[in-house]
2 protein chains.
Amino acid sequence: MNEPGKRTMTASAQKRRKIRDTISGAAIREFARNGLSGTSTQAIAQSAGITKAQLHYYISSKEELYRQVLGDIVKEWREIFFIAPFQHDPALAISTYIDRKIRHALKYPDISRLFANEIGRGAPEMREHWGVLKNSTEMANGVIRDWIAKGMIQPVDPLLFQMNMWAVTQSYAEYEAQARVLMDLDDDTPMNADRIIAEATQLFLLRCGLSGERVFR
Amino acid sequence: MNEPGKRTMTASAQKRRKIRDTISGAAIREFARNGLSGTSTQAIAQSAGITKAQLHYYISSKEELYRQVLGDIVKEWREIFFIAPFQHDPALAISTYIDRKIRHALKYPDISRLFANEIGRGAPEMREHWGVLKNSTEMANGVIRDWIAKGMIQPVDPLLFQMNMWAVTQSYAEYEAQARVLMDLDDDTPMNADRIIAEATQLFLLRCGLSGERVFR
DNA sequence: AAATAGTTTGACCAATTGCTATGATTTTGG
DNA sequence: CCAAAATCATAGCAATTGGTCAAACTATTT
């Protein structure tokens with residue numbers, strides 16, 4: 001038997017991992033569409049291409065599976081969307097964040113939707129994650145306040161500025177269906193990421209009194 | 001028997017209307033939290049303070065009730081959030097829109113959440129509403145383009161500018177739970193509407209190159 | 001007051017829910 | 001190659017699902 005995390009992996013362990021990933025993917029898809037209570041284990045199993053009983057062999061319960069994928073999302077986001085590395089350059093920090101966040105939203109909209117769903121429900125499963133999330137937000141708060149103090153950007157409400165960036169970037173995943181209608185795009189045509197990024201970047205750079213020139217990529 | 005819509009209303013008709021409103025309110029609450037498939041008629045009935053059988057006496061089906069409240073929301077929004085009346089003054093038009101929209105989001109967050117949920121699911125019940133919604137969006141598009149042509153505002157992507165306003169204003173309903181955590185607010189304390197409106201207004205006025213002064217109210 | 005119409009109720013329906021028990025099958029280590 | 005362990009599928013569990021029904025109850029009309 002092989003411990004997960006070991007460098008070598010037997011064929012069976014690989015297969016097991018693959019199945020688990022398939023399940024996670026299917027769960028994200030289904031939970032994003034219909035929420036926790038609106039998703040049946042049957043639907044998840046079907047979406048994963050396995051039987052319901054087989055699914056229940058791999059998971060302990062629907063709620064637990066939900067908690068697991070939610071935790072994975074929070075963890076992944078914490079690593080990807082981190083404003084601190086570019087503290088020295090506000091324009092770079094902001095445009096980098098927006099670029100990453102929007103590309104992620106367009107590429108993995110279900111992840112964003114699942115998260116939005118959880119928050120919309122009152123975030124009952126987020127209790128254990130608030131601490132770390134609040135922490136990074138307050139770190140970013142400090143960075144922004146520092147920018148203001150040093151006269152690098154115009155004064156903004158640090159928290160609301162962050163929340164508004166989140167809202168705009170996130171919305172292109174959540175409101176994809178609406179965006180497609182308004183843009184006359186069918187479901188197969190990808191949305192124009194560059195166009196969206198350009199407008200969003202302008203929006204937040206100008207709020208800070210920074211040049212509207214495209215700064216990043 | 002009394003037709004609905006007549007000026008006079010018998011006591012029984014009034015009672016019937018009151019029950020229907022109670023049901024709509026309960027439905028919005030429950031659908032907002034758990035979506036269409038995640039909400040049971042039992043839960044709606046309980047939230048409305050009636051029995052399940054009684055609920056089914058007033059509605060034809062869960063889906064139909066969902067369609068009804070969704071239709072009501074779309075209709076109400078079309079009346080409330082209309083940018084055209086202030087065409088002559090971009091700053092006034094924008095700040096009025098943001099003010100109204102955010103106050104509505106903070107006052108009736110469930111309505112915003114129900115709508116967000118529907119769009120997140122792929123908006124399967126929005127087919128009949130897209131036409132009129134697209135229309136008003138394109139009217140506003142024209143207004144904004146006109147502003148740009150006349151040099152009243154800096155160039156913006158008209159559609160994305162609207163979508164971003166929508167995203168920011170909407171988010172304070174959808175992400176209320178998160179906002180409360182980040183702001184250290186308990187569930188009873190109302191959020192500071194003026195603060196939110198001020199930052200959002202600045203954001204979008206500055207994008208247009210308009211003075212950051214508070215223009216409205 | 002009787003007849004009629006509108007409303008409420010509890011019992012009930014088949015279908016689906018999350019999940020399990022059990023035996024069959026496959027995979028694996030010795 | 002064989003026994004043990006892991007995986008899988010069928011059938012089934014009690015509980016809940018959306019919705020119905022007829023009987024009881026309450027209002028309204030004549």
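Lettering follows sequence order; numbering is per chain, from 1.
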Legend entry - Salt bridge present between Arg33(B) and Glu30(B) (N-O < 4.0 angstrom): no
Inset, instruction - Can you tell me the distance, in whole Å, between the CD1 atom of Ile50(B) and the C1' atom of dC25(D)? - result: 17 Å
Legend entry - Among Trp77(B), Tyr172(B), Phe204(B), the one residue meeting ring-ring contact (aromatic ring centres under 6.0 Å, His included) with Trp166(B): Trp77(B)
Legend entry - Rounded distance in Å - CD (Glu30(B)) to P (dG18(D)): 11 Å
Inset, instruction - Round to the nearest Å and state the distance from Tyr58(B) atom OH to dT20(D) atom C1'. - result: 17 Å
Inset, instruction - Provide, to the nearest angstrom, the distance between the CG atom belonging to Leu55(B) and the P atom belonging to dT9(C). - result: 12 Å
Legend entry - Partner set under side chain to side chain contact (heavy atoms under 4.5 Å, CB included) for Tyr57(B), not counting sequence neighbours: none
Legend entry - Thr51(A) side chain near dC8(D) phosphate (N/O to OP1/OP2, under 4.0 Å): no
Inset, instruction - Let me know the distance between CD of Gln54(A) and P of dA6(D), rounded to the nearest Å. - result: 16 Å
Inset, instruction - Take atom NZ of Lys15(B) and atom C1' of dT8(C), then tell me their distance rounded to the nearest Å. - result: 9 Å
Inset, instruction - Return yes if a side-chain donor-acceptor contact under 3.5 Å exists between Gln162(A) and Thr137(A), otherwise no. - result: no
Legend entry - Tyr108(B), OH: over 12 other non-hydrogen atoms inside 6.0 angstrom: no
Legend entry - Glu174(A)/Arg113(A) under salt bridge (charged side-chain N to carboxylate O under 4.0 Å, His left out): CA gap, chis, key distance, verdict: CA-CA 5 Å; Glu174(A) 287 181 59; Arg113(A) 283 183 208 129; over 6 Å; no
Inset, instruction - Answer yes or no: does a side-chain N or O of Arg16(B) lie under 4.0 Å from OP1 or OP2 of dG6(C)? - result: no
Legend entry - Where protein sits on nucleotides 17-22 of chain C, one letter per nucleotide: B base, S sugar-phosphate only, - none, heavy atoms under 4.0 Å: SBBB--
Inset, instruction - Mind checking the CG-CG spacing from Leu159(A) to Asn164(A)? Nearest 0.5 Å is all I need. - result: 9.0 Å
Legend entry - Lys/Arg-Asp/Glu bridge criterion (N-O < 4.0 Å) met for Asp186(B), Arg180(B): no
Inset, instruction - Kindly calculate the angle separating the two end axes of the helix from dA1(C)-dT30(D) to dG30(C)-dC1(D), each obtained from five base pairs, and round it to 10 degrees. - result: 10°
Inset, instruction - In whole angstrom, give the distance that lies between atom NZ of Lys18(B) and atom C1' of dT7(C). - result: 16 Å
Inset, instruction - Could you state the atom-to-atom distance from OH of Tyr66(B) to P of dG18(D) in whole Å? - result: 15 Å
Legend entry - Arg103(A) versus Asp194(A), closest heavy-atom pair with distance: NH2-OD1, 3.2 Å
